[in-house]
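Just so it is clear, the values below take in all heavy atoms, side chains as well, and ignore hydrogens, waters and symmetry mates. From a predicted model like this one, the values you see are computed outputs, not experimental measurements. The sequence lines fix the lettering, A, B, ..., with proteins before strands; numbering per chain opens at 1.
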Protein chains: 2
Amino acid sequence: MRIGETAAAVGMTAKTLRFYEDRGLLPAADRAPNGYRDYPHETVSRLEFIRRGRTAGLTLAQIGDILSVRDIGQAPCVHVRDLLAKQLRDLDAQIAELTALRATVAEFHDAAAAGDPAACDPERICSYL
Amino acid sequence: MRIGETAAAVGMTAKTLRFYEDRGLLPAADRAPNGYRDYPHETVSRLEFIRRGRTAGLTLAQIGDILSVRDIGQAPCVHVRDLLAKQLRDLDAQIAELTALRATVAEFHDAAAAGDPAACDPERICSYL
DNA sequence: CTTGACCTTCCACTATACTGGAAGGTCAAG
DNA sequence: CTTGACCTTCCAGTATAGTGGAAGGTCAAG
């Protein structure tokens, strides 16, 4: 399969596939006599795996690690489980941080909504922030 | 006040102040005969305002907009209120997105924690993702 | 006179996941 | 023979908020 065909099969662009190759997520493809990349069919599942990983919020580096484990013949399940656990922890931390920020902003906003513009102290630039 | 002194007064670095000047958040400072920047005292409140804005998750561009309004002599309160409202909406959207992602990841993770590594289908790379 | 702590400018780099574009090769169809 | 749709490589840029470092000027103290 040529690069554009492969990319289209998973809704990506040829550029993205070259980029993934550069980042080590795709092995260097065989080349046709004219120099064009020639992908085997399993590249499609590999790309779909990469997309599932992205959907789960994993970075390309993390997905690359999983693929490396798989590529040396080991089942990456344990690694995947650990990564997913870490991802859950990270997400919880991020959500907590954003929730705290939201509370801060809400306080500022409530004061601004209730307040009197004339109360602005020039030295403070804006009394609502 | 010299740049290092001013920066230290608010816990920032001289580099950061030059960067803020470059981004238009600080007006170009007067220069001493030797070329050193010479900041008036109100620069400290301006920097503290910038920091409060950052604490509220505003971007430097948004803070710069507020300061511009203030600098042409208008009270930026209405602008600030609108920005804070937008910030609340953005935060809610982000939190919702992360929460949905967390649910997806939790599903994958639960399957991985319960599952049998032998079930891995090589074609699918990892049955848990 | 030198040392050290300041200050100046300017350029590059960090991280992430691509995207855009230039310059050029390949190939089937009309 | 040309046109268009492919493909190749490589370089640069996107967004954010700075940080790091080079090369050099200034100034008070010892």
Side-chain angles (χ1 to χ4, degrees), chain A residues 1-26 28-39 43 46-67 83 86-87 90-91 94 97-98 101, chain B residues 1-26 28-39 43 46-67 83 86-87 90-91 94 97-98 101:
Chain A
M1 291 171 85
R2 294 200 305 192
I3 193 170
E5 196 186 345
T6 313
V10 293
M12 296 175 175
T13 67
K15 282 252 180 205
T16 301
L17 266 63
R18 287 188 204 103
F19 175 69
Y20 285 168
E21 176 181 312
D22 184 62
R23 288 313 202 67
L25 278 85
L26 287 184
D30 284 347
R31 298 298 176 124
N34 60 10
Y36 289 12
R37 284 175 182 79
D38 184 19
Y39 288 101
T43 298
R46 197 175 177 98
L47 289 169
E48 279 166 350
F49 176 78
I50 293 171
R51 205 177 32 204
R52 287 197 301 277
R54 295 285 304 131
T55 299
L58 299 182
T59 65
L60 293 186
Q62 290 172 322
I63 296 168
D65 286 349
I66 300 174
L67 289 168
L83 263 181
K86 177 184 182 322
Q87 182 70 354
D90 290 355
L91 284 171
Q94 266 187 69
E97 204 172 307
L98 285 179
L101 178 54
Chain B
M1 294 170 84
R2 293 201 304 193
I3 192 169
E5 196 185 347
T6 312
V10 292
M12 295 175 178
T13 67
K15 283 250 179 206
T16 300
L17 267 64
R18 287 188 204 104
F19 175 69
Y20 285 168
E21 176 181 313
D22 184 60
R23 289 312 203 69
L25 278 84
L26 287 184
D30 285 346
R31 298 297 175 124
N34 60 10
Y36 290 11
R37 286 175 182 78
D38 184 18
Y39 289 101
T43 297
R46 197 175 177 97
L47 289 169
E48 280 166 348
F49 177 78
I50 293 173
R51 206 178 26 205
R52 289 197 301 277
R54 296 285 304 131
T55 300
L58 299 181
T59 65
L60 294 186
Q62 290 172 321
I63 297 169
D65 287 347
I66 300 174
L67 290 168
L83 263 181
K86 178 185 182 324
Q87 182 69 354
D90 289 355
L91 285 171
Q94 265 186 69
E97 205 172 307
L98 285 179
L101 179 55

Exercise for the section: Would you tell me if any nitrogen or oxygen in the side chain of R37(A) comes within less than 4.0 Å of OP1 or OP2 on dC7(D)? Expected result: no
Problem - The single option from L25(A), D22(A), L47(A) passing side-chain contact (heavy atoms from CB on, under 4.5 Å) against L17(A) - result: L47(A)
Problem - Phosphate OP1/OP2 of dT9(D): any R31(A) side-chain N/O under 4.0 Å - result: yes
Practice task
Look at the side chain of Y20(B) against the base of dG18(D) and say whether a donor-acceptor pair falls under 3.5 Å; ignore hydrogens and angles.
Solution key: no
Exercise for the section: Name the closest nucleotide to the T59(A) side chain, picking from dT8(D), dA17(C), dC6(C). Expected result: dA17(C)
Handout entry: Phosphate OP1/OP2 of dG25(D) contacted by N34(B) side-chain N/O (<4.0 Å)
Key = no
Exercise for the section: Could you tell me which nucleotide pairs with dG21(D) by Watson-Crick or G-U wobble geometry, both distances under 3.5 Å, or answer none if nothing does? Expected result: dC10(C)
Completion exercise
Of dT8(D), dG18(D), dC6(C), the nucleotide closest to the side chain of L60(B) is dG18(D)
Practice task
May I ask you to evaluate whether T16(A) reaches the phosphate of dT19(C), defined as a side-chain N or O under 4.0 Å from OP1 or OP2?
Solution key: yes
Fill in the blank from the handout: D22(B) CG to dT9(C) P, in whole Å, measures 11 Å
Fill in the blank from the handout: With the side chain defined as heavy atoms from C-beta on, R54(A) is closest, among dA17(C), dT9(C), dG18(D), to dA17(C)
Problem - Rounded distance (Å) that lies between atom C1' of dG18(D) and atom NZ of K15(B) - result: 10 Å
Exercise for the section: Select base, sugar-phosphate, or nothing to describe what R18(A) touches, counting heavy atoms under 4.0 Å on all strands. Expected result: base
Handout entry: Side chain to side chain, L67(B) and I50(B), heavy atoms closer than 4.5 Å
Key = yes
Problem - Nearest-angstrom distance from the residue atom CE of M1(A) to P of dC6(D) - result: 14 Å
Completion exercise
Sorted by position of nearest nucleotide on DNA chain D, 5' first, the leading residue of P33(B) and I50(B) is I50(B)
Practice task
Inspect the surroundings of CD in E97(A) and state if more than 12 heavy atoms from other residues, nucleotides or ligands are less than 6.0 Å away.
Solution key: no
Practice task
With DNA chain C as reference, determine whether G35(B) or R2(A) sits nearer its 5' end, using the nearest nucleotide of each.
Solution key: G35(B)
